[in-house]
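This report refers to the structure that appears directly beneath it.
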Amino acid sequence: MAMDLNAKAAYIRGLMTGMEFDADSKNGKVIAAMMDLLEEMAAQVTEHDDALDQVYDELETLDQDLDDVVSDIYGDEDDEEEDADDEDHSTLYEVTCPNCGEISTLDEETLTDPEGDLVCPHCGATFDIELEGTEEEDAEETDKQDR
């Protein structure tokens with residue numbers, strides 16, 4: 001935008017020169033003063049625009065440096081908190097192997113996988129488990145007993 005302002009001001013100055021503008025007349029003096037003001041304003045806007053670009057570049061560098069500092073200071077703690085959050089969200093179950101009797105801890109996703117057979121990590125035996133009834137099944141059994 002700033003370059004466009006300087007180019008436009010130069011274009012208008014060229015038009016004034018090309019049409020043999022009389023800067024000595026009353027109207028000419030006003031228009032010439034306005035043209036000088038326009039060129040000064042365009043130069044000032046260009047200067048401010050360049051300074052603003054420099055400030056944005058420096059601010060971006062500072063922002064990246066601050067991100068690095070925060071990461072160095074708090075990075076490990078954030079990872080530990082995320083790991084703790086992940087552990088809190090998964091429910092773990094203890095399962096006893098019918099072959100060797102060893103107890104293993106499994107998450108809910110592994111237990112409810114319809115295609116996955118459970119493999120004992122101690123003896124390698126493959127087995128299937130029967131989950132206790134859901135709330136709907138429990139309600140149906142209670143209804144049958146009440147009859």
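Along the sequence shown, residues carry numbers from 1.
Atoms NE2 and CG, from H122 and N99 in turn, are 12.0 Å apart once rounded to the nearest 0.5 Å. Here OH of Y56 is found 13.5 Å from CG of D63. Values are rounded to the nearest 0.5 Å. Distance CG/L62 to CD/Q64: 9.5 Å, rounded to 0.5 Å. Residue L37 holds its CG atom at 11.0 Å from CD of Q44, rounded to the nearest 0.5 Å. With rounding to the nearest 0.5 Å, the separation of CE in M35 from OG1 in T17 is 9.0 Å. With rounding to the nearest 0.5 Å, the separation of CD1 in I31 from CD1 in I12 is 11.0 Å.
The hydrophobic clustering, which links ILVMFWY residues whose side-chain heavy atoms are closer than 4.5 Å, places L66 and Y74 together. If you chain together hydrophobic residues whose side chains sit under 4.5 Å apart, V45 and L38 never meet in one group.
Using a 4.5 Å cut-off on side-chain heavy atoms (C-beta onward), T46 and D50 make contact. A 4.5 Å side-chain heavy-atom check between T61 and D65 finds at least one atom pair inside the cut-off.
Of all heavy-atom pairs spanning M16 and A32, the tightest one is CE-CA, 4.2 Å. Minimum heavy-atom separation, V119 to G124: CG1-O, 3.8 Å.
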Under 3.5 Å, which donor-acceptor pairs link side chains of residues 100-107 to any protein atom two or more places apart or in another chain?
unit_1: D107; atom_1: OD1; unit_2: T110; atom_2: N; d: 3.1
unit_1: D107; atom_1: OD1; unit_2: T110; atom_2: OG1; d: 2.4

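Checking E58 against Q54 by side-chain atom types alone, a donor-acceptor pair falls below 3.5 Å.
Salt bridge present: D36 and R13 bring a charged side-chain N and a carboxylate O closer than 4.0 Å.
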Determine whether V69 and I73 satisfy the following criterion, side-chain contact (heavy atoms from CB on, under 4.5 Å), listing intermediate values before the conclusion.
CA-CA 6 Å; V69 168; I73 293 173; 3.7 Å; yes
